[in-house]
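Note sheet for the following structure.
When a ligand or atom number is given, it counts from 1 through the structure's own listing order.
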Amino acid sequence: MTKLINQTHASNDLLIFDNLESEVRSYCRSFPTKFIRSSGYQLWDVEGKVYIDFFAGAGALNYGHNHPEMKKKLIQYLTEDGISHSLDMATVAKEIFLTKFRDIILKPRELNYKIMFPGPTGTNSVESALKLARKVTGRQTIMSFTNAFHGMTLGSLSVTGNKFKRLGAGVPLNHSVSMPYDGYMGKDVNSLSFIESFLNDSGSGISLPAAVIVETLQGEGGINIASNEWLIGLAKLCKHYEILLIVDDVQMGCGRTGSFFSFERTGIIPDIVCLSKSIGGYGLPMAITLMKPELDLWEPGEHNGTFRGNNLAFVTAAQALDYWENSRFTEEIEAKGEMIRNALSEIVISVPELNGEVRGLGMMQGIAFENNIAQKISALAFKRGLIVETSGTDSEVIKIMPPLTIDHIGLAAGLRILSDCIYDIAVENNALVSKL
Ligand SMILES: *Cc1c(COP(=O)(O)O)cnc(C)c1O
């Protein structure tokens, strides 16, 4: 690290970013420092201050920063002049990825999908899924859910809930219909019967959708979890009305909730699955879209993209799949998830005045607060060396999302900083604290 710092600008001014870079940037406002190095669950800034990462690149760094095995494979590949860019041409790196994905992920789960490389981002995968669903069914409408997040291009925005992000489109977002997610209408209301009444009724004003797109757990939308029953019911509804079911597993996939796919807890088999973020393993851009073979009605070149063949990502993606060769990693994630659960529950109980609500599953959990508490926590945590983001329409949820590979010491240390911050903010808010 010392070496890196000496080689570069050690000063921590942010002048070039403030002066030259667009106002559109956002995360750097929550974490205003200049980062230089990272390893595992830790980041360092140019002043040598260390941060514990409870953000994990918004889910792109499930295996941590600069994973040693992936780095080794990557360096070896680069040194040997391996193919870097290949559009959709066949390469050895892609062959290894496809073979491992089939043998380690698909076969043991008895999943029969064809794999499409839609371009390197999550929204590329979502766009390809929406296009394919419309092409296959000949219908136009896509049903999506309240508080959904599917990406920032027009098609993905049209199925995204957030008003601010939708307004950014600058044009009407249509051919989509938003329905209440599980729990949206209150804990005792089953929104599925509401949805079914729309599908059933020729007077509902809603034409039969081509597809339903759903996240099994809404990360960006505020850590809202759909119950197994609700997801199974949704899959049944789709089957009954011959609507394609798309699961957007861009953030919840690759083990975030425990299993490789987030829908494994339900037993449902989506028609189309979107994966990105951590599929590349090393934080390198990569996305795939899985589709049932009978849906693969694409004409060659009908969906295209220059950066569909990021072979450096294929190399690290293939290496990352080793984590999934047995159930050990899932058990590890579940154990850490439990540790997070206990810590968050303890916090919420200790400061009842803040009215916190623990949400989530696996290593995607958080606490929903009222007012702007979550943003205050994030800001204070940053000062104390913890990177933790907020989510939800009004940034009302503090979102705990460490690399899945974080060790117990790192996890405990991060949770300690988090709880101290929350207690201190509670005190600041004149709340009575029954500190444990
Ligand atoms: C991040 C995300 C996307 C968009 O991915 P990008 O790579 O940012 O385009 C889509 N869906 C979900 C659920 C996401 O979390």
Would you call the rings of Phe31 and Phe382 parallel, tilted or perpendicular, where under 30° means parallel and over 60° means perpendicular?
tilted
Ser276 versus ligand 1: do any nitrogen or oxygen atoms come within less than 3.5 Å of each other?
no
Look at the rings of Phe97 and Phe314 and say which category their plane angle falls in: under 30° parallel, 30 to 60° tilted, over 60° perpendicular.
parallel
Please list, in number order, the atoms of ligand 1 under 4.0 Å from a heavy atom of Thr121.
7 (O), 9 (O)
Is any NZ, NE, NH1 or NH2 atom of the basic residue among Arg29 and Asp18 found under 4.0 Å from an Asp or Glu carboxylate oxygen of the other?
no
So the atoms of ligand 1 within less than 4.0 Å of a heavy atom of Phe149 turn out to be 1 (C), 2 (C), 3 (C), 11 (N), 12 (C), 13 (C), 14 (C)
Do Ser378 and Thr390 have a side chain donor and acceptor closer than 3.5 Å?
no
Does atom 11 (N) of ligand 1 have a protein non-hydrogen atom under 4.0 Å from it?
yes
Ligand 1 atoms nearer than 4.0 angstrom to some heavy atom of Asp248 are 10 (C), 11 (N), 12 (C), 13 (C)
What atoms in ligand 1 come closer than 4.0 Å to a heavy atom of His150?
10 (C), 11 (N)
Identity and distance of the protein heavy atom lying nearest atom 7 (O) of ligand 1
Gly122 N, 2.8 Å
Under 4.0 Å from a heavy atom of Glu215: give me the atoms of ligand 1 that qualify, with their elements.
13 (C)
Pair Asn224-Tyr184, side-chain donor/acceptor within less than 3.5 Å:
no
Give me the one residue out of Ile340, Ile387, Ile417, Leu411 that meets side chain to side chain contact (heavy atoms under 4.5 Å, CB included) with Phe54.
Leu411
Report the nearest protein non-hydrogen atom to atom 14 (C) of ligand 1: residue, atom name, distance rounded to 0.1 Å.
Lys277 NZ, 3.0 Å
Centre of Tyr77's six-membered ring, under 6.0 Å away, within 45 degrees of the axis: is that where NZ or CZ of Lys71 sits?
no
Near Thr123 (heavy-atom distance under 4.0 Å), the atoms of ligand 1 are 4 (C), 5 (O), 6 (P), 9 (O)
